[in-house]
Trainee: 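Here it is: the structure, laid out below.
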There are 2 protein chains.
Amino acid sequence: MSAAKPTHDVIAGAPAEAAQSKRGRLIRQEDEIFERIQQAILDHRLPPGTKLKEVPLAELFGVTRGLLRKVLTRLAHARLVEQRPNRGAMVASPSVSESRDLFAARRAIEGAIVGILGTRINATQIKGLRRMIEREQNAYAKGEMRAGLKLSIDFHRVLAQMAGNSVLSGFLEELLTRTPLVILAYRDTRATTTRCDCNDHGAIIDALETGDAEEAARIMQEHLEALEGQLNLREDGSTTDLAAVFGS
Amino acid sequence: MSAAKPTHDVIAGAPAEAAQSKRGRLIRQEDEIFERIQQAILDHRLPPGTKLKEVPLAELFGVTRGLLRKVLTRLAHARLVEQRPNRGAMVASPSVSESRDLFAARRAIEGAIVGILGTRINATQIKGLRRMIEREQNAYAKGEMRAGLKLSIDFHRVLAQMAGNSVLSGFLEELLTRTPLVILAYRDTRATTTRCDCNDHGAIIDALETGDAEEAARIMQEHLEALEGQLNLREDGSTTDLAAVFGS
DNA sequence: GCAAAAAATATTGTCAACAATTTTATCCAG
DNA sequence: CTGGATAAAATTGTTGACAATATTTTTTGC
């Protein structure tokens, strides 16, 4: 069974609670399923291309097919899932150009976020961010990759929230969730790890502390370029040269 | 009837074609309804707060309630519509802080777009943009406000497409559609018109033509600040001081 | 045995009836 | 009249049965 239905094992965690009141809690249930699938993607547990069948997933979460269907539609709108008519939903597989665009968009948005923060961040916030980086480094040092990854993403997310622009942080939230799909699809097989450089995070805070927003934005953009550089985004799948793949 | 069901008259245009093939065209039908409502918002025909009842709208478009419901959900995800449980959908009413964030996000994203364009725009594209500006000016000169407005939005949209970043242009698409809602909600009652300054558009192209991406981005940001400045975004509805409103 | 056709199965898409909730209208006491 | 309870209507939310399509398996002709 474990081998036959891998998707079931992958999207693990506590079972979705049955609705208590007859209505009203149900939208929370919908949100919970959405977030659990989203979290599975963030945790690199759901690779691109994974088929998401309605009946098995609905049974797994203990909801009707109609509700699950709604969740899939929402995930599709967030571009975490691709829905093709009559052929169901699968975890999105970003193309090379999409992936490049995604990183360029992150540079633009996170650059702006850091620029905003340069003028409004306070000592308490800086202290909190430093604590986060410390925990992140500890996690990686202890080999707890999943925890480190989560903290690393949280660093970017918290920066956005501190900037106080709900529109930009909403956009970034989407991009942060899509990033793992890009990494899984295009990670360089030779590289041991594909993740944020903690030192960059520290350097960004250093720049923010001195009030140098320009410098902080510059480091953030270089930081994202470094992450993108760890990937193999050279050629698109559609243009793969089969002759080259099989020698001669 | 016209007075009793204003929403029906507002979302006008050709009736939705009945599906020809049994399936497949149906998703196009869904898209068509989505776009018609979106267009109505872009044209300032659907003001914030307008109630969108499912049965009347479904009949208007000649589709089932279930299909229309799906469209409303999609519109809600694009933040053009607000859905509250058991209370239906209405055209979104952006708050003051949301509106400010929206403009700040536009400055960040369109600044980045123009920055990208500075390095890759060609003579043909510049020629096309100049033609657009000319038509825009003509429309406003002739008093054809709706046509001018459309061309003005198209200018920003086309710039984004020329930059060739699908993620950024997708985000901007959402922001462009939400902008009319902000304008309708917060336009200064004393102002005669609330719209883009065509001259700014021309100045942006001038800067792009000389290859000065920095300057073009600066003008774009000032351009958006000027548009935001035409609005009355001083206080939030939730903090409206009733005592001040009624004198003493 | 193999490829194409056909049947069987599995999966997604749609709809109409029903349930739950909110909104509006009615009624009645004070 | 007014305010509040009650009933009626309108509106949204859900579900399960069925239709349409895609996928897999079996059959058939060579």
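Sequence lines set the chain letters: A, B, ... in the order given, protein chains first and strands last, and positions in each chain run from 1.
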Trainee: Which is true for Gly66(A) with a 4.0 Å heavy-atom rule: it touches a base, it touches only sugar-phosphate, or it touches nothing?
Mentor: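 Nothing, no nucleic acid heavy atom in range.
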Trainee: Roughly, in whole Å, what's the span from CG in Leu68(A) to C1' in dG13(D)?
Mentor: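 Value for this atom pair: 17 Å.
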Trainee: Ignoring backbone atoms, establish whether Thr64(B) has a side-chain N or O less than 4.0 Å from OP1 or OP2 of dC15(C).
Mentor: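 True: Thr64(B) side-chain N/O within range (under 4.0 Å) of dC15(C) OP1/OP2.
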Trainee: Calculate the interatomic distance between Glu59(A) atom CD and dA10(C) atom P; express it in whole Å.
Mentor: 13 Å
Trainee: Measure the shortest side-chain to side-chain distance between Lys53(A) and Lys51(A) over non-hydrogen atoms and say whether it is less than 4.5 angstrom.
Mentor: yes
Trainee: Glu54(A) has an atom CD; how far is it from atom P of dA22(D), in whole Å?
Mentor: 15 Å
Trainee: Specify the separation, in whole Å, of atom CD of Glu30(A) and atom C1' of dT14(D).
Mentor: 12 Å
Trainee: What is the distance from CG of Leu57(A) to P of dT12(C), rounded to the nearest Å?
Mentor: 9 Å
Trainee: OP1, OP2 of dG13(D) versus side-chain N and O of Lys70(A): anything below 4.0 Å?
Mentor: no
Trainee: Sorted by first residue and then second, give each salt bridge (charged side-chain N to carboxylate O under 4.0 Å, His left out) pair with at least one member in residues 144-162 of chain B; sequence neighbours left out.
Mentor: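 Sorted pair list: Asp154(B)-Arg157(B), Arg157(B)-Glu173(B).
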Trainee: Using only side-chain N and O atoms of Arg69(A), determine if any of them is under 4.0 Å from OP1 or OP2 of dG13(C).
Mentor: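 Checking Arg69(A) against dG13(C): at least one side-chain N or O falls below 4.0 Å of OP1 or OP2.
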Trainee: Does the distance from a Lys or Arg side-chain N to an Asp or Glu carboxylate O, for Glu98(A) and Arg79(A), drop under 4.0 Å?
Mentor: no
Trainee: Rounded to the nearest angstrom, tell me the gap between atom CZ in Arg65(B) and atom P in dT12(D).
Mentor: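 Arg65(B) atom CZ is separated from dT12(D) atom P by 7 Å.
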Trainee: Looking at Arg187(B), I'd like to know if its CZ atom is crowded, meaning that more than 12 non-hydrogen atoms belonging to other residues, nucleotides or ligands lie closer than 6.0 Å.
Mentor: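 Correct, the count exceeds 12.
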Trainee: Find the distance Leu72(B):CG to dT12(D):C1' and express it as a whole number of Å.
Mentor: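 In whole Å, dT12(D) C1' lies 11 Å from Leu72(B) CG.
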Trainee: Whole angstroms only, please: what is the CE-C1' distance between Met90(B) and dT22(C)?
Mentor: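 Answer to the nearest Å: 13 Å.
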Trainee: OP1 or OP2 of dA22(D) sitting under 4.0 Å from any side-chain N/O of Lys53(A)?
Mentor: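 Checking dA22(D) against Lys53(A), no side-chain N or O comes under 4.0 Å of OP1 or OP2.
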Trainee: If you restrict it to nitrogen or oxygen atoms, what contacts under 3.5 Å exist between nucleotides 23-25 of chain C and the protein, and what is each distance?
Mentor:
| residue | atom | partner | partner atom | Å |
| --- | --- | --- | --- | --- |
| dT23(C) | OP1 | Arg87(B) | NE | 2.7 |
| dT23(C) | OP1 | Arg87(B) | NH2 | 2.5 |

Trainee: Under 4.0 Å between a Lys/Arg side-chain N and an Asp/Glu carboxylate O for Arg36(A) and Glu32(A)?
Mentor: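 Yes, Arg36(A) and Glu32(A) are salt-bridged.
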Trainee: Would you call Phe171(A) and Ile109(B) a side-chain contact if the rule is heavy atoms closer than 4.5 Å?
Mentor: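 Yes, close enough: below the 4.5 Å cut-off.
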Trainee: Using distance alone, with no hydrogens and no angle criterion, decide if Thr179(A) and Arg106(A) have a side-chain donor and acceptor under 3.5 Å apart.
Mentor: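 Yes, because at least one side-chain N or O of Thr179(A) sits under 3.5 Å from a partner of the opposite role on Arg106(A).
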